[in-house]
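Each remark here refers to the structure printed beneath this line.
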Amino acid sequence: MKKKTFIIPLACAAVLLAACAILGYLYASLDTRFRKLETEAFHLKEDNSDLNSQLKNSASKLEETSSKLKENTSKLEEQEKYMAGQKDYISQLSDQIQSLTDSTDSEGEGDSWEYDPDSDAYPNLYAASEEERPKNGAKYVYLTFDDGPSSLTPKVLDLLDQYNAKATFFVVQKNNEEYEAYLSDIVERGHVLALHSYSHDYNEIYRSVDAFLADYEKVYDWVKEKTGYTPSLFRFPGGSNNGSSYVGRQIIAEMERRGFTYFDWSVSSGDGSNLTTTQNIIDNVCSRVGTVDLPVVLMHDGSGKDATLAALPSVLEYLSGEGYEFRSLDNHVEPVQFRKGTHGD
């Protein structure tokens with residue numbers, strides 16, 4: 001009985017020791033696995049950190065490459081726009097050359113115009129007379145601005161003032177009180193106010209002499225009413241080689257009879273094209289002025305000609321540095337005219 005009582009506790013102790021041994025083994029095994037997993041996790045974290053760093057570097061390089069690509073694309077677009085502007089400018093010059101070299105229209109084309117003082121529908125459309133002849137200089141340049149006035153006009157006037165530069169403004173009638181005020185500003189700052197058109201509609205004004213006079217009387221009366229200034233100069237919309245040669249010669253003869261002088265241009269800024277860039281305008285003017293005897297420069301101060309305004313400081317600075325004096329046109333300056341033979345010869 002005593003022996004049996006001793007065996008039971010001993011067996012329980014053995015079982016307990018075995019269980020502890022098993023638990024100890026399992027704990028040691030789990031601790032080893034945990035440490036192994038902890039080591040693997042540490043390495044994975046390091047690898048992940050390296051991967052993130054590589055991804056950040058790749059993203060930075062990609063962003064830098066994308067930025068350079070956008071910059072190159074922008075430069076390419078600007079170059080394409082520049083080339084398109086130059087092509088358009090060359091096309092304008094080619095058209096002018098072609099118009100000048102074309103044979104004149106036959107004398108029998110259209111109805112002839114003869115002035116009849118008894119039936120003059122425009123009795124007040126006469127230019128002011130000028131008596132004082134200005135001194136002639138060796139290096140004069142004549143900047144002219146078409147299609148104004150607009151919101152750009154006062155900015156153009158301010159830039160001209162900075163260089164003590166005088167210019168000629170060929171205006172188109174605007175039903176805008178703010179713009180109308182700029183007409184007097186042009187005169188008061190010592191520039192010449194000249195006529196360009198009322199409608200600027202080629203199909204309308206070049207139909208006949210009478211259609212042309214009707215259009216010009218409107219803009220003439222508008223300028224006189226707003227400023228008290230009587231214009232003496234005018235410019236044909238698109239140049240004197242627009243429209244029928246036969247009708248054109250009759251218009252010129254009648255306008256000259258009324259005392260007006262018309263001016264085309266010998267240097268085009270090329271800003272008549274919407275493709276023209278600021279650099280186009282600078283290059284066109286600065287490279288051409290020195291190649292002609294009488295540089296009459298065509299520019300525009302009409303609405304939307306921001307590229308012209310941006311180019312003007314560089315143009316003024318360059319020409320001033322070349323020793324040019326900026327003058328306004330008048331009746332005593334030899335007119336630059338595309339269309340010769342104004343009296344039907």
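Starting from 1, each residue takes its place in the sequence as its number. What's counted below: heavy atoms across the whole structure, side chains too, no hydrogens, waters or symmetry copies.
Residues Asn176 and Glu180 bring no donor and acceptor atom of their side chains to less than 3.5 Å of each other. Inspection of the Asp271 and Thr308 side chains reveals an N or O donor paired with an N or O acceptor under 3.5 Å. A donor-acceptor contact closer than 3.5 angstrom links the side chains of Thr291 and Arg288. With hydrogens and angles left out, the side-chain atoms of Tyr198 and Glu217 include no donor and acceptor closer than 3.5 Å. A donor and an acceptor atom, one from each side chain of Asp210 and Tyr122, are located under 3.5 Å apart. For the residue pair Ser245 / Arg249, a side-chain donor-acceptor distance below 3.5 Å is found, with atom types taken as modelled. Donor-acceptor pairing under 3.5 Å is recorded for the side chains of Tyr140 and Arg327. For the residue pair Asp215 and Ser197, a side-chain donor N or O sits within less than 3.5 Å of a side-chain acceptor on the partner.
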TODO: Evaluate the criterion salt bridge (Lys or Arg N to Asp or Glu O under 4.0 Å) for residue pair Arg189 and Asp185; output intermediate values, then yes/no.
DONE: CA-CA 6 Å; Arg189 296 203 197 191; Asp185 203 12; 3.2 Å; yes
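Just one residue in the list Leu233, Thr168, Thr144, Val333 forms a side-chain contact (heavy atoms from CB on, under 4.5 Å) with Ser328, and that residue is Thr168.
By the ring-ring contact (aromatic ring centres under 6.0 Å, His included) test, Phe236 pairs with Phe212, Phe234, Tyr262, sequence neighbours left out.
Remark: Arg235 engages Asp146 in a salt bridge, criterion side-chain N to carboxylate O under 4.0 Å.
Geometrically, Lys166 does not engage Phe326 in a cation-pi contact defined by less than 6.0 Å to the ring centre and at most 45° from the axis.
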